[in-house]
There are 2 protein chains.
Amino acid sequence: MKHYLDQKRILNAVDCIIFGYAEDEIKLLVIQRGFEPFKGKWSLVGGFVKENESTEDAASRVLKNLTGLDGVYMEQLHTFSEPGRDTLERTISTAYFALIDIKKYKQQLSDDYNPVWFPINQTPNLIFDHHKMVELAKKKLRDKASLHPLLFELLPNKFTIPQLKNLYECLYDAEFDKGNFSRKMHSSGLLVKQKDKERHTSKKGAFYYKLNLRKYNSNLHAILNLVSKPDNLKSRKTK
Amino acid sequence: MKHYLDQKRILNAVDCIIFGYAEDEIKLLVIQRGFEPFKGKWSLVGGFVKENESTEDAASRVLKNLTGLDGVYMEQLHTFSEPGRDTLERTISTAYFALIDIKKYKQQLSDDYNPVWFPINQTPNLIFDHHKMVELAKKKLRDKASLHPLLFELLPNKFTIPQLKNLYECLYDAEFDKGNFSRKMHSSGLLVKQKDKERHTSKKGAFYYKLNLRKYNSNLHAILNLVSKPDNLKSRKTK
DNA sequence: CCAAAAGTGTTGTGATTACACCCATGT
DNA sequence: ACATGGGTGTAATCACAACACTTTTGG
């Protein structure tokens, strides 16, 4: 018969994998630690779980401290618990991934760390098993976004269909047919056409759309078969 | 700046949601506690995480203790961490779900608890938030099995296609067309036809199949579109 | 020889792809 | 006027559901 007195001290932490989207790239927010231990090393934002909060609360708190943002899309990813994963203490960390509109993000004042957005495929070396966390988060984002319309969380309120298409193309490193992509998005019923156009990236200009929030919130499984089959990919990007 | 000294004692546990399949039903293995606290109450099997093991190791250990089985299909489900979830101690529990061949299961000798298989939709009241864990596990099993061929883990080495079909029908509470089901399974390339037949449930008899293990292990995404759309369901069962 | 379940063949439908074409506009 | 990217139309193809049909064998 097991009893908790068997258990030596284990610390509980959370780490956040924060994704954003800007300049036609998906980005990851990491910090450079300004304090010991591991001063100068790159790391995900994280923190210890307090006695009276859940890991969800802890992750929200950490995220808010770093970005100033509340009510962000966040989801539990996985709990990492290898005895040697944290080289200083025995720590079990529950990882969360978050999607934010990068334009809403405002760096909070802090001397503790220096936050930087890295393109998702050019991240620096990270401490502990944080690289594993990022890889798993990327995989989960891809898997989930192929069935659920959650990439909207990365875009501003108003966006164009070519912008949306580019976002999907980044995530899957593939090209989609503009016609078919547009039809599929429209058929989801999630888009509300605006009267104005975005006129920077093309001469004709692309209409802005907003998300139909009622539909988005009620029907989180609308986008079926967007990227399910390999044949949907026209060709691997090689650039 | 946060430091681990802020953290009061939090215990780390694991709980296992163990699924089996027998008598044309999906079952859940739960225990009745033979010791205080909560003597006589139903609960998932669980245990505390030891200092030198991961939560995965802890879950495997707990599972082996209860069932005598090694190398079982197991997957991390979710970490439950609400401060009030365990009414005795502040405990964070990482839940794992496992799929076992119920015929291989042998009850291990133990006076500590009385394990019982319950049909998945007739489970007793469980302590703490274990009911939540079971519900999430059921949802995850359904979601995952619609894309990945993991239900084979619930069947014996040799099985027939009607058996497999019945398993899917149980999980989704739906009926599938035998012709289409059979074709889809064959087209996955995962089935190896045997020479003998199962002759209890029908006069004609149904051929046994074995799993193509090489393919199964290399290609964990073979079964696409088995249950993706609601239209695939002929009719809700009402029995 | 018939009932019952396994297993195969076939057809219509709807989704999807690939690609041609039209549109709006800044230079 | 023409190049450029946004946006629409459409034919061919493919996957799938539905269901009729054949097979096997115990009673």
Check: B:T79 and B:T55 side chains under 4.5 Å, non-hydrogen atoms
no

Atom CE of B:M185 and atom P of C:dT8 are separated, to the nearest Å, by 15 Å

Whole-Å gap separating C1' (C:dA15) and CG (A:D177):
15 Å

Run the numbers on B:E153 and B:Y216 for side-chain hydrogen bond (donor to acceptor under 3.5 Å, both in side chains), then give the verdict.
CA-CA 11 Å; B:E153 304 285 349; B:Y216 177 68; 2.6 Å; yes

Pick out the pairs of N or O atoms, protein on one side and nucleotides 4-6 of chain D on the other, that lie under 3.5 Å.
unit_1	atom_1	unit_2	atom_2	d
D:dG6	N7	A:K178	NZ	3.1
D:dG6	O6	A:K178	NZ	3.4
D:dG6	N2	A:K204	NZ	3.2
D:dG6	N3	A:K204	NZ	3.0

Could you check how far NE2 of B:H186 sits from C1' of C:dG9, rounded to whole Å?
15 Å

Would a distance-only check, ignoring hydrogens and angles, find a side-chain to backbone donor-acceptor pair under 3.5 Å from B:Q76 to B:T94?
no

Does any donor-acceptor pair link the side chain of A:R183 with the base of D:dG9 at a separation under 3.5 Å?
yes

Could you state the atom-to-atom distance from CZ of B:F181 to C1' of C:dG9 in whole Å?
19 Å

Side-chain N or O of B:R199 versus OP1/OP2 of D:dT25: is the shortest distance under 4.0 Å?
yes

Whole-Å distance between C:dA18 C1' and A:K184 NZ?
12 Å

Given the options B:F152, B:Y208, B:Y21, B:F159 meets ring-ring contact (aromatic ring centres under 6.0 Å, His included) only with B:F152

To the nearest Å, how far apart are B:E198 CD and D:dT25 P?
14 Å

Please determine whether a side-chain nitrogen of the Lys or Arg among B:K132 and B:E135 lies less than 4.0 Å from a carboxylate oxygen of the Asp or Glu.
no

Taking CG from A:N180 and C1' from D:dG7, how many angstroms apart are they, rounded to a whole number?
12 Å

Distance-only donor-acceptor hits, side chain of residues 124-131 of chain B, under 3.5 Å, sequence neighbours excluded:
unit_1	atom_1	unit_2	atom_2	d
B:D129	OD1	B:R85	NE	3.3
B:D129	OD1	B:R85	NH2	3.0
B:D129	OD2	B:R85	NE	2.7
B:H130	ND1	B:L44	N	3.0

I want to verify a distance call: between D:dA18, D:dG7, C:dT17, whose nearest atom is closest to the A:I161 side chain?
D:dG7

How long is the line joining CZ of A:F176 and C1' of D:dG7, in whole Å?
19 Å

What pairs with A:K64 under salt bridge (charged side-chain N to carboxylate O under 4.0 Å, His left out), at least two apart in sequence or on another chain?
A:D70

